[in-house]
Amino acid sequence: MNSYFSSRLHHRLRETVRDFAEREVRPRIPEMEASRTVHHELSRLITAQGWLGATISPEYGGMGAGHLAKTIIIEELSRVSGAMGAMVQASQLGTAKIVHFGSDEQRKTWLPRVASGECLPTIAVTEPESGGHVLGMTASAVRDGDDYILNGSKVYVGNSHVGDLHGVVVRTGPGSKGLTAFLVESDRPGFRLGPQQPAMGLHGFSFGELIFEDCRVPAANRLGDEGDGLAVAYSSSVLYGRANLTAVSLGIHQAILDETTRFASERVRYGAPLSELPTVKLKLGQMQSRLMTARLAAYHAVHLLDQGLSCDTELMNAKLVNVESAIDSGRNAMEIHAAAGLYTDRPIERYLRDAHHIFAPAGTSDVQLLRLGEVALGQDKGSWSERLSDLVRTPELEPLHA
């Protein structure tokens, strides 16, 4: 399967990221688990590798390697640390809004900084009261001469406490045409962060609150035109959010299988390895099957995205299959580990905690199923991947067997 989708570039990239993750990320996991707060140093070290530029054109200093390459980066980081995989995936959402909706000046200003690791971007849409209901948001921006004045708050913002540039969608008028997106620098007066709250998992990653109190933002920081905010929010979620979270789930899923097969092979019961028990081998087979299916769904979806083909449905399905299968395999892994899995000296309980964090963002499994149901009924409402295909198409990469 890897050979079917991947080029030599992808294989080299996987080896590079995997080596980095083992050397630089794994030794820091105990510290992140103990502190349960954002790890600034490691986040910056990862951004300095240039991987945030995976989908940024070389014209702006990026890798220009595409969405499959981005998936491999996130997957390999998540195999070691779901938190650091989540950090990269969230920053890619922030990158998407500039790639697709930024002006020439905004792209020239920000994309080289993102690609070099100097700037870590975010996207902020969700609010305390409206949750995932984008049209229910109340945070506002009011025009005042050459500026806009922002008020309100956003929650569950990935990279909230380490980000440098926040892409914020707020209300500038009524209805679906009344949403507008802005780039807000983290040091802008009138902007502040809410306290970081400890979470169940993804320790080392921050997904917190942004607060705007008469925050004055130049009109030049507006992304697109007034009224483009809904498109910014939806396209970033559909094209990047679902694909990126799929990659995090895939990496965690691989880690779950790796750790469980290792445990079952080493633990001796009744004079033989635990893995020789038919009931255990059956569960391992289920986990292996789920992982193969999940990886196929993930790679197929982003391969289509790289080709500029319509793939909204495939991205929905990839997120659904990967999230649900990783959680199911996590439960199987805990059953095989039994009481041993409850102690924090083994990583399996961390993997299961982290896997649950990927369930809600970019739409829960119920949301994906509802959208897939609309597709089956011929009621889907168009394709974001098709609308933006000219912007996501990547150059033909070197074929594996060339």
Side-chain angles (χ1 to χ4, degrees), residues 67 71 74 78 82 85-86 89-90 92-94 96-97 100 122-139 154-158 167 169 175-176 179 181 199-202 207 229-250 252-253 290 293-294 297-298 300-302 304-305 310-331 354-388:
H67 291 269
T71 293
I74 298 170
S78 300
Q89 80 80 21
Q92 292 286 352
L93 286 172
K97 65 186 183 292
H100 294 302
T122 79
I123 191 164
V125 178
T126 306
E127 295 188 1
E129 299 300 323
S130 58
H133 177 47
V134 175
L135 293 179
M137 69 172 62
T138 58
K154 299 290 179 179
V155 293
Y156 309 132
V157 178
V169 180
S176 61
L179 301 181
M200 178 174 73
L202 294 185
F207 51 107
L230 190 64
V232 173
Y234 278 0
S235 63
S236 295
S237 176
V238 171
L239 298 185
Y240 285 73
R242 287 172 181 162
N244 296 356
L245 292 160
T246 291
V248 177
S249 290
L250 184 58
I252 294 172
H253 199 167
R290 287 194 200 105
T293 302
H300 175 60
V302 292
L304 293 176
L305 189 57
S310 180
C311 57
D312 292 40
T313 303
E314 286 79 4
L315 290 166
M316 294 176 208
N317 187 58
K319 204 256 180 179
L320 170 70
V321 168
N322 273 268
V323 168
E324 291 296 327
S325 63
I327 292 173
D328 286 345
S329 288
R331 179 176 176 180
D354 289 351
H356 277 87
H357 275 255
I358 315 304
F359 178 80
T364 65
S365 294
D366 281 350
V367 169
Q368 310 304 334
L369 288 170
L370 284 170
R371 297 292 174 263
L372 289 169
E374 290 171 355
V375 171
L377 292 166
Q379 298 172 353
D380 51 311
K381 302 174 179 65
S383 168
W384 281 108
S385 50
E386 198 166 15
R387 293 185 214 178
L388 301 175

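Below, each value reflects all heavy atoms present in this structure, side chains not excepted, and no hydrogens, waters or symmetry copies.
- With K154 contributing its side chain and V125 its backbone, the two residues share a donor-acceptor pair below 3.5 Å.
- Ion pairing between a basic and an acidic side chain is recognised when a charged N comes within 4.0 Å of a carboxylate O; K381 and E374 show such pairing.
- Considering all non-hydrogen atoms of both residues, V134 and L230 come closest at CG1-CD1, 3.8 Å.
- A side-chain donor-acceptor contact under 3.5 Å links E127 to the backbone of A139.
- Aromatic ring orientation, F207 versus Y156: tilted (interplanar angle from 30° to 60°).
- Atoms CD and NZ, on Q92 and K97 in that order, are 10.5 Å from each other to the nearest 0.5 Å.
- Here CG of D354 is found 8.0 Å from CE of M200. Values are rounded to the nearest 0.5 Å.
- Side-chain atoms of E314 never come within 3.5 Å of backbone atoms of L304 as a donor-acceptor pair (strictly under, hydrogens ignored).
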Start with the C-alpha distance between N244 and I74, add both sets of side-chain angles, then the distance that settles side chain to side chain contact (heavy atoms under 4.5 Å, CB included), and finish with yes or no. CA-CA 7 Å; N244 296 356; I74 298 170; 4.0 Å; yes

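- Checked by atom type and distance alone, the side chain of T364 never pairs as donor or acceptor with a backbone atom of A360 at under 3.5 Å.
- One distance of note links CG of L320 with OG of S365; it measures 5.0 Å at 0.5 Å rounding.
- Here the closest non-hydrogen pair linking A326 and S249 is CB-O, 3.9 Å.
- In this structure, H67 contributes its side chain and L305 its backbone to no donor-acceptor pair below 3.5 Å.
- A donor-acceptor pair is defined here as one N or O able to donate and one able to accept, closer than 3.5 Å; such a pair exists between the side chain of K319 and the backbone of F359.
- G241 and L93 get closest at one heavy-atom pair: N-CD2, 3.2 Å.
- When all heavy atoms are compared, the tightest approach of A96 to S236 is CB-OG, 4.2 Å.
- Across every non-hydrogen atom of Q89 and V248, the tightest pair is CG-CG2, 3.8 Å.
- Other residues, nucleotides and ligands contribute only 12 or fewer heavy atoms inside 6.0 Å of the CD atom of E129.
- Residues L179 and M137 are in side-chain contact: their nearest non-hydrogen atoms beyond the backbone lie under 4.5 Å apart.
- Here the closest non-hydrogen pair linking S325 and V321 is OG-O, 2.7 Å.
- Within the 3.5 Å criterion, the main-chain N or O of S383 finds no donor-acceptor partner in the side chain of S310.
- Distance check: L315 CG to R371 CZ gives 14.5 Å after rounding to the nearest 0.5 Å.
- In this structure, D380 and T313 have side chains that are not in contact, with every pair of non-hydrogen atoms separated by 4.5 Å or more.
- Side-chain contact between T246 and T71: absent, with no pair of heavy atoms (C-beta onward) separated by less than 4.5 Å.
- Of the listed residues (N322, L250, V323, I327), just one forms a side-chain contact (heavy atoms from CB on, under 4.5 Å) with I358, and that residue is V323.
- With rounding to the nearest 0.5 Å, the separation of CG in N317 from CZ in R242 is 11.0 Å.
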